[in-house]
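Because only heavy atoms are used, hydrogens play no part in the values below, and waters and symmetry mates are left out as well, while side chains stay in. All ligand and atom numbering here is 1-based and tracks the order in the structure.
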Amino acid sequence: MATLAGSPVQLEIESRLFIGGEFVDAVEGGRIPVLNPHDNSTLAEIAEARQADVDRAVTAARKAFPAWKRTTAAERGRLLLKLADAIEADANYLCQLETLDTGHPIRDTRNLDIPRTAATFRYYGGFADKVDGRVPPVEAGFLNYVTREPVGVVGQIVPWNFPLMFCGWKLGPALATGNTVVLKPAELTPLTTLRLAHLINKAGIPVGVVNIVPGYGHIAGQYLAEHPGVDKVAFTGSTATGRRIVQASAGNLKRVQLELGGKGANIIFEDANVEAAVMGSAFAIFHNQGQACIAGSRLLLHESIHEEFLDRFLKLARSLKIGNPMDPATEMGPLTSLGHRERVLNYIQIAKERGSAILTGGKIIGGPEFEAGCYLEPTVVTAQPADRVCQEEVFGPFVSVTTFQDEAEVVDIANATEYGLGGGLWTRDLQRAHRVAGAIRSGMVWVNTYKRVNPNSPFGGVGQSGYGRDLGAESIADYTYAKSVWINVDAKIPPFYRR
Ligand code: NAD
C-alpha cells in the first residue's frame, strides 16, 4: 500500500492484484505507473497482471464457482447489500481517489459516480432472490420447468471513463446470479477498483468470487478474452477492441456481451424549451469532459432556432469553470490522459481541414495551473452529417453542430451512423416526442433530458454500439442461461420401448 499526499486527506493506495481473496504481487513483477491527469504526477505504481496472473485468477474463480452458485440467492443478495453499505461508508475516500485518478470533477464523483455504484449493488442485492424461472404448460403427464443458471466464470473488462461505476454495472448482475468473476480494470484508472477489492473482503464476499487483475489490454485483457477457463466475457470499451474480443472469444465459443462506442444525436426541435435544451445539451457533452459513450456529441438544431440556441450554448460553454477536479467548484476537469487528448486534438484538426468553423474552443489550455495537465477547451464546431467528426466517436468535450429543416430529415441524420447507443430530442409536442423516440435506432432515447441512467433501466446499444444489456432486469438474462428440466410425472414408459 502506498500513501498519497496531495489530497485533502491522506489516501492509502492499494497497488497489488486481488486474487483468491488476497492481495498479491504480479508473477512477473511488472509495474504500471498511474498518473494524475491534473498535473501528470505519479499517483502510484501498481502491479501489472500478465498471463500467469490471469491464469491464477481464473483458477481462483473456477474454484469458487460451485459453492457460490449453491449459495442461496438471498445470501448472495445480503452480501451485495453489505457491499453497497461499505461503498457508502467509504464514499469520501472513493470519490477523492476516483477524481485524482480520472480527472472527473469531485462534485460529480461525490454526487454521481460513488452513489450510483452503491445504488447499483443495492439494486442487484435486492434482485438476487427475485430471479425465478417458469413452468411452461406441456403434454399431459409431464412437468417442464425452466431455471436460470449462472453462466460460470465471467471475464469483465472495463474502460477508464467511469471506472468504479462500471464495476458496479458489471459485478452487480454477475454476482447476484451466482457467477464468479475475473475483472480487468483499465490500465489508466485501476485505483478505485483495487479499493473496491478491500470492500469486497470487508463485506464478506467469499474468497475467489471476485478477482481483480489490472493490466494492459493487449496482454491481460486479450488473454482473458481468449481464456478457455472463462465462460463469458463482458466488455465495455471501444468498438475496435470489441471486435478483437469477439475474435478472441471464438476458441471456446464463450458468451460475449459488448457495450461499445456511441455517437449520440441530440435533436433540438423548433418548439423546444431552449433554456432547458441548452442546459441539458451542455451536460450531454461536457459532463466528464465528454468522455462518455452516451455523450450527446452531435447537436442537430432546427434552422429556425439555431441562432438563439447557439448564442446561449456557446456562452455557457465559454463560461464553464475549468480547473483542478479536486476543487468542488470545478465543472470541467482535464481529460484522463495526454494520449487521449492527442486523439481529440486530432479530430479538431480533421474538422478544420474539412472546413468546419470552430465556434468556440479547439485549443489546449495553458498557464501555470493547467500546462502540466491534460486540459482542453470545450469545443463546438459546425459540421455536415457525413463528416468524419459526425461519424466517428471523438470521446471528448467536442460537439458538432448541424442544422435541419424537418422531422424526416433529422431522423435520417440521427440514424446515419454505424452506432446506436443513445440519442435525445427536445420538443413540447407529445406526438412528435413518441414518434421520433420510436424512429431513432438506438438502445436508449431521452426526451427533454439527456444521459439519464438508473440501475433499474437497461443500458446498451445496437449496431456498432454492441449487444447485450448492463443494468435493469435485462442484464439478468445476459448473466444466466435457461435450463429446461422435464419430469415424467405419471412415470409412463416412453412409447419407443413398448414395441
Ligand atoms: P478500449 O477499448 O481501448 O479499452 C477498454 C478496456 O479494454 C481497457 O480495460 C483496455 O485495457 C482493454 N483492452 C484493450 N485492448 C484489449 C484487447 N485487445 N483485448 C482485451 N481487452 C483490451 O477503450 P477505452 O479507450 O478505454 O474506452 C473508451 C471507449 O469505451 C469509447 O469508445 C467509449 O465509447 C467506450 N465506452 C462504452 C460504454 C458503453 O457502455 N457502451 C461505456 C463507456 C465507454
Side-chain angles (χ1 to χ4, degrees), residues 32 34 46 48-51 54 101-102 104 113 155-170 182-190 193 212-227 230 233-250 254 256-264 287-297 335-337 339-344 347 392-396 398 417-423 442-444 451 453 457-472 475 478:
I32 302 178
V34 180
I46 57 150
E48 181 210 339
R50 295 192 190 155
Q51 283 88 341
V54 173
D101 198 1
T102 61
H104 197 171
D113 300 53
Q156 301 187 324
I157 301 173
V158 294
W160 45 260
N161 54 335
F162 294 97
L164 188 66
M165 204 174 75
F166 288 145
C167 284
W169 293 19
K170 298 279 184 237
V182 176
L183 186 147
K184 193 201 83 62
E187 51 271 44
L188 286 174
T189 57
T193 310
I212 295 173
V213 286
Y216 291 108
H218 64 288
I219 301 173
Q222 179 80 24
Y223 189 64
L224 186 59
E226 289 167 358
H227 206 293
V230 171
V233 61
F235 172 73
T236 295
S238 61
T239 298
T241 305
R243 282 201 193 90
R244 270 182 226 122
I245 302 255
V246 173
Q247 284 159 358
S249 72
K254 56 175 67 66
V256 179
Q257 180 183 346
L258 300 174
E259 308 287 351
L260 308 177
K263 195 71 203 172
H287 168 241
N288 199 22
Q289 296 75 250
Q291 300 167 134
C293 50
I294 52 172
S297 54
L335 300 193
T336 299
S337 72
H340 183 59
R341 185 175 70 176
E342 275 310 304
R343 282 204 289 272
V344 179
Y347 276 107
E392 298 174 22
E393 189 179 47
V394 178
F395 216 61
F398 176 99
T417 79
E418 62 183 14
Y419 294 110
L421 191 57
S442 69
M444 292 159 283
K451 273 177 73 166
V453 175
S457 182
F459 187 104
V462 296
Q464 305 287 303
S465 295
Y467 42 77
R469 289 294 178 268
D470 280 332
L471 302 180
S475 66
D478 274 306

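Smallest separation of non-hydrogen atoms from Val394 and Val344: O-CG2, 3.7 Å. Minimum interatomic distance between Ala49 and Ala220 (heavy atoms only, all atoms of both residues): O-CB, 3.5 Å. Closest non-hydrogen pair, Gln464 versus Thr239, comes out as O-OG1, 2.9 Å. In this structure, Ile212 and Thr193 approach most closely via the heavy-atom pair CD1-O, 3.5 Å. The two residues Ala248 and Gln222 come nearest to each other via the heavy atoms CB-NE2, 3.8 Å. Nearest heavy-atom pair, Pro159 versus Gly237, reported as atom, atom and distance to 0.1 Å: CB-CA, 4.3 Å.
Those atoms of ligand 1 that come under 4.0 Å of a heavy atom in Asn161, given as number and element, are 43 (C), 44 (C). Applying the 4.0 Å criterion to heavy atoms of Glu187 picks out, from ligand 1, the atoms 10 (C), 11 (O). In summary, the atoms of ligand 1 found under 4.0 Å from a heavy atom of Ala186, numbered by their order in the structure, are 9 (O). Shown in contact with Leu260 at under 4.0 Å from a heavy atom are these atoms of ligand 1, numbered in order with element: 34 (O), 36 (N), 37 (C), 38 (C), 39 (C), 41 (N). Those atoms of ligand 1 that come under 4.0 Å of a heavy atom in Phe166, given as number and element, are 42 (C), 43 (C). Counting atoms of ligand 1 from 1 in the listed order, those under 4.0 Å from a heavy atom of Gly261 are 34 (O).
Protein heavy atom at the shortest distance from atom 12 (C) of ligand 1 is Ile157 CG2, 3.6 Å. Protein heavy atom nearest atom 38 (C) of ligand 1, with residue, atom name and distance: Cys293 SG, 2.8 Å. Among protein heavy atoms, atom 15 (N) of ligand 1 sits closest to Thr241 CG2, 3.4 Å. What sits closest to atom 27 (O) of ligand 1 on the protein, heavy atoms only, is Pro159 CB, 3.4 Å. Looking only at protein heavy atoms, the nearest one to atom 24 (P) of ligand 1 is Trp160 NE1, 3.4 Å. When hydrogens are left out, the protein atom nearest atom 14 (C) of ligand 1 is Gly217 CA, 3.5 Å; that is the closest non-hydrogen contact. Of the protein's non-hydrogen atoms, Phe235 CE1, 3.1 Å is the one closest to atom 7 (O) of ligand 1. Protein heavy atom in closest approach to atom 33 (C) of ligand 1: Phe395 CE1, 3.1 Å.
At under 3.5 Å, not a single nitrogen or oxygen of Ser465, backbone or side chain, sits near a nitrogen or oxygen of ligand 1. Ligand 1 has an N or O atom lying under 3.5 Å from an N or O atom of Lys184, backbone or side chain. Ligand 1 has no N or O atom lying under 3.5 Å from any N or O atom of Trp169, backbone or side chain. For a threshold of 3.5 Å applied to N or O pairs, the pair formed by Glu393 and ligand 1 contains at least one separation below that value. Looking at ligand 1, you'll find an N or O of Gln222 within less than 3.5 Å of one of its N or O atoms.
Using a 4.5 Å cut-off on side-chain heavy atoms (C-beta onward), Thr236 and Asp470 make contact. Counting heavy atoms from C-beta on, the side chains of Ile219 and Glu48 come closer than 4.5 Å. Side-chain atoms of Phe166 and Glu259, non-hydrogen and from C-beta on, never get closer than 4.5 Å to each other.
Contacts between Thr236 and ligand 1, counted as non-hydrogen atom pairs separated by less than 4.0 Å, involve both the backbone and the side chain. Of all the heavy atoms of Ala225, none lies under 4.0 Å from any atom of ligand 1, so neither backbone nor side chain is involved. At a 4.0 Å heavy-atom cut-off, ligand 1 does not touch Ile294 at all. With a 4.0 Å cut-off on non-hydrogen atoms, Val158 touches ligand 1 through its backbone and not its side chain. When non-hydrogen atoms are compared, ligand 1 lies under 4.0 Å from neither the backbone nor the side chain of Phe162. Neither the backbone nor the side chain of Leu188 has a heavy atom within less than 4.0 Å of ligand 1.
Checked by atom type and distance alone, the side chain of Gln291 pairs as donor or acceptor with a backbone atom of Thr336 at under 3.5 Å. In terms of modelled atom types and a separation under 3.5 Å, the side chain of Ser465 and the main chain of Leu260 share no donor-acceptor contact. Between the side chain of Asp113 and the backbone N or O of Met165, no donor-acceptor pair lies under 3.5 Å. Judged by distance alone, with hydrogens and angles left aside, the side-chain atoms of Glu187 form no donor-acceptor pair with the main-chain N or O of Pro214 at under 3.5 Å.
Within a 4.0 Å radius of atom 21 (N) of ligand 1, the protein has at least one heavy atom.
Under the side-chain contact (heavy atoms from CB on, under 4.5 Å) rule, Thr189 has a single partner from Asp101, Val158, Val34, which is Asp101.
The aromatic rings of His227 and Tyr223 lie perpendicular to each other, with more than 60° between the two planes, well past the 30° mark.
Considering each of Gly422, Gly262, Gly237, Gly460, the one bringing a non-hydrogen atom nearest atom 35 (C) of ligand 1 is Gly237. Nearest residue to atom 1 (P) of ligand 1 from Ser238, Gly221, Pro214 is Ser238 (criterion: closest heavy atom).
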**Study point:** Residues Phe459, Ile294; criterion side chain to side chain contact (heavy atoms under 4.5 Å, CB included); working and verdict
**Key:** CA-CA 10 Å; Phe459 187 104; Ile294 52 172; 3.5 Å; yes

